[in-house]
Amino acid sequence: MNKWHRIKKTDLQKYVSRLAEKWEVWVPRRVDEKWEFGIYDGAQGLDLPESIIDVSLKNLFFPKRRAIATYDENSKWSMQPVDPEQRPRIVMGLHPCDAAGIEYMDRVFLQSEHKDVMYKKERERTVLVGMLCSEMGDGCHCTDRGLTPHSTSSMDVAFVSEGGWYYFKSLTDKGKRIMESKYLKETDESPTAKEWPAGKYASASPEEFMEMYDDSIWHELSDICLTCGICTYACPTCVCFLVTDEKFKGKGERVTVWDSCQLQSYSRMAGGQNTRKTPASRVRNRTLDKFAYSHLRYGRISCTGCGRCVMVCPLKRSFPQLGARLSERIREKKKKRTKVRAESKED
Amino acid sequence: MKALRKKIRELFEKGEVDAVLGYREDPASGEVKAAVFKKDETLDDMVFDGRCIQNLVNYLPTLVARYRKVGVVLKGCDGRSLVTQLVEHRINKSQIIALGVGCEGVEIDGKEAEKCYDCATHMSPIADHEFGEKGEKREPAFAGVEEIEKMSPVERWKFFADYFAKCERCYACRQICPSCYCEICIADQQEPKWIEPSAKLSANTMWHLIRAYHLAGRCADCGECERVCPQDIPLRLLNNALEEAVHEMFGVRPGTVPEEVPPLVVLNKDDPDRILEGKNE
Ligand code: SF4
Ligand code: SF4
Ligand code: SF4
Ligand code: SF4
Ligand code: SF4
């Protein structure tokens, strides 16, 4: 059992600066009013938000745009794979819902049939130093999605703020490597365990969600949705991409670019057919992908309850409320069915 | 508001509309959102005030496919928007009852929306029934465009490039725009790939310039694209600059005059540009 270590809050920046001599260190930074991850450079200081960071760190492992190969049309057989970045790095200050997002991406990109080499390298070079949340943000609903603000899945090191200290604990061998520092001192004390409020949104099971596939409710649920792509880009577990070539004067790159099932172009096929023509069918895809398909294919639902999709939605559509409404409909239907069954027994 | 509700009830009773598209205040959350009201449904939570920011015209094409006749509550800018849809034959006027309401401006995050400073008409230019103050028609000032025009080309490029670089290509701007309704948007075409799908400066710039051109003389300045952009890109600047250009050249302001056809979709044999004769002078 690894012991807790602690560091004075006032020493944290010194510790991180030391790490940054050898590692590429990523920390939350404020850019235009929003918190997002950026490379630590010392000049900006260090400030770690105690709850949700506006922009998820998906981009660090599965970038918006990623070149996977280059080619030159003037010379034959010139397709060259792009060498992934190898420099070891630390990502510090991510929260449990983001770590859970990485756990899900691992299942998709590493543990399924098709392995993603680029993703694998990004994961291998990274030590995840997760910060347990001290409070829940307004949109946070991790407790509805099988997590708590203190979940540690996927983290190599976990730390938590308490009083004038940060308490650190390494959880993997990878994590141990960054714990050797004069600033971090072993302690017998441990941070107080917290109780978290129970979830707010009742949720049905993946199997029950699947039964809603042909329900008419999707039209109601997609009524005002713009079917733009921003909720899926913001989501730590939306992993769809398209592959395309981008070239200039004969020299080209093969790239992967984020795609979104909410866009009408997503399901357009050769010949012009589109299997998800209506907004309802696209909203259904996203919803079931989060609550059912993910579970059936990768063994866990993919919503981690971070609430970012609501934060970014131009219409402030609430995805957790949508899930709850759907679950309610499932219950209504069930009740009706049991009633019918009971009545037919009486007959 | 009373008069509006009364009229709507009357329209329902006479069977002149099957549904009315308006704004509803959610009693629980206090949020104001677009809503479809039907006969025998309460109109008590229907509202019209500074919170009614959304342009409802974007929903009309779906609604007219579902209902025989639809009433729609319109601010001035939304009315302009409706005109653009009618002259492009996307919607047929015979299916619409336009309910124009005098608009005193709407608010975004507690501040008057910028588009309202440039409002060309507070009352819908097309209305079967009018409510409230009609207000004056006026020429928009487009102070933002003026600022840009003062900049040198290099400064201008820097100004826009900083914004374009941030675009996520989520297409919320396109999705909310009543005038962006191509079956297959140029940004989605793969062969030829006019615009690369990745969110990088060069491709984003293409996306924004092409979108702006496609809306020249058609954008009603409802401001919705700018409002919904999650990256706060000042999209109105582009549209407004082109609105000004079209106004200068053809004397037309989109949507302000019912039945006025957008100048860039008409063929006119007196066009000073001789391109139609194969001479590009
Ligand atoms: S959703 Fe939970 S884990 Fe994520 S930031 Fe909020 S409290 Fe922390
Ligand atoms: S961000 Fe909002 S409007 Fe856009 S697709 Fe998602 S839920 Fe719909
Ligand atoms: S669906 Fe929404 S709340 Fe769930 S993980 Fe994605 S962004 Fe977060
Ligand atoms: S809404 Fe904003 S971020 Fe999204 S595509 Fe349009 S300009 Fe880009
Ligand atoms: S371009 Fe923007 S302002 Fe113009 S009509 Fe479309 S959404 Fe409205």
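All chains are named by letter (A, B, ...) in the order of the sequence lines, taking the proteins before the strands, and each is independently numbered beginning at 1.
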**Residues of residues 195-206 of chain B contacting chain A, heavy-atom criterion under 4.5 Å, by residue number** = B/E196, B/P197, B/S198, B/A199, B/K200
**Prompt:** Between B/E168 and A/K64, is there a salt bridge with N-O shorter than 4.0 Å?
**Reply:** yes
**Prompt:** Rounded to the nearest 0.5 Å, what separation is found between the CD atom of B/Q54 and the CD1 atom of A/I224?
**Reply:** 6.5 Å
**Asked** NZ of A/K200: more than 12 outside heavy atoms within 6.0 angstrom?
**Response** yes
**Prompt:** How long is the span from the CG atom in A/L263 to the CG atom in B/D188, to the nearest 0.5 Å?
**Reply:** 7.0 Å
**Asked** Does A/E246 offer a backbone N or O that forms a donor-acceptor pair with the side chain of B/K193 under 3.5 Å?
**Response** no
**Item:** Heavy-atom side-chain proximity of A/L315 to B/K33 below 4.5 angstrom
**Value:** no
**Asked** Atom SG in B/C170, atom CD in A/Q262: separation rounded to 0.5 Å?
**Response** 12.0 Å
**Prompt:** Okay, side chain of A/R268, backbone of B/I184: is any donor-acceptor separation there less than 3.5 Å?
**Reply:** no
**Message:** For a 4.5 angstrom cut-off between non-hydrogen side-chain atoms, does B/Q231 reach A/K34?
**Reply:** yes
**Prompt:** Heavy-atom distance under 4.5 Å to chain A: side chain of B/Q189, backbone, both or neither?
**Reply:** backbone
**Item:** Atom pair OH (B/Y171) and OG (A/S265), whose distance is rounded to the nearest 0.5 Å
**Value:** 7.0 Å
**Asked** Quick one: what part of A/N274 sits under 4.5 Å from any heavy atom of chain B, side chain, backbone, both or neither?
**Response** neither
**Message:** Within residues 226-244 of chain A, which residues come under 4.5 Å of chain B, heavy atom to heavy atom?
**Reply:** A/L226, A/T227, A/C228, A/G229, A/I230, A/Y233, A/L242, A/T244
